[in-house]
Amino acid sequence: MEWFTEQVIGLISQIPEGKFVSYGQVAKACGKPRAARQVARILKTYSAKLNLPWHRVINSQFKISLGKGNGYEEQKSLLIAEGIVFDNNDKIDPRKYRWDIE
DNA sequence: CGTGTGACGCGGG
DNA sequence: CCCCGCGCCACAC
């Protein structure tokens, strides 16, 4: 397993309940500021098997990146279950829920 | 080895 | 807010 991948997985696993981070945030924190897309791919590949809180990762627009009918509904409900509130535009408030990586 | 594809991000209209 | 284009990068064909 590559170093970057391990960093990403390690970081994601530390996101506190009720909080979120963006793909870009994770990429940056792991030393590759342009690798947001890779972070997404890593989640798709390992989330299920490694029991990661994948739902706590969204895009920089504070919205869920999964298409409706393709995981969107599930991610949303998981976040709501943790107390996160979505506004009328399906976005969440970063001032309340964003987790600023250590 | 060229080409297409994203669970992305940023700027612009 | 929505829609586009462009840059980015690992991967599948």
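Reminder, nothing fancy here: chain letters follow the sequence lines and each chain counts from 1.
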Residues Lys76(A) and Asp90(A): closest non-hydrogen pair is NZ-OD1, 3.0 Å
Comparing Gln61(A) with Leu66(A), nearest DNA chain B nucleotide closer to 5' gives the residue Leu66(A)
Rounded to the nearest 0.5 angstrom, the CD1-CD1 distance for Ile84(A) and Ile92(A) is 4.5 Å
So CD1 of Ile9(A) and CG of Leu50(A): to nearest 0.5 Å the spacing works out to 5.0 Å
Checklist entry - What nucleic acid atoms does Lys28(A) come within less than 4.0 Å of, heavy atoms only: base, sugar-phosphate, or nothing? => result nothing
ask   = Can any side-chain N or O of Gln75(A) pair as donor or acceptor with the backbone N or O of His55(A) at less than 3.5 Å?
value = yes
In 5'-to-3' order, the base (B), backbone-only (S) or no-contact (-) status of each nucleotide in nucleotides 2-13 of chain C, using a 4.0 angstrom heavy-atom cut-off, is S----BBBSS--
Here the pair of heavy atoms bringing Ala27(A) nearest to Ala36(A) is CB-N, 3.7 Å
The first and last nucleotides of DNA chain B lying within contact of chain A, meaning any atom under 4.0 Å from one of its heavy atoms, run from dG6(B) to dC10(B)
Q | Heavy-atom neighbours of Lys28(A) NZ exceed 12 at 6.0 Å | A | no
- [ ] Please lay out, stage by stage, how Trp99(A) and Gln25(A) fare under the test side chain to side chain contact (heavy atoms under 4.5 Å, CB included).
- [x] CA-CA 10 Å; Trp99(A) 181 54; Gln25(A) 237 182 308; 5.7 Å; no
Arg56(A) and Glu17(A) have their tightest heavy-atom pair at NH1-CA, 3.2 Å
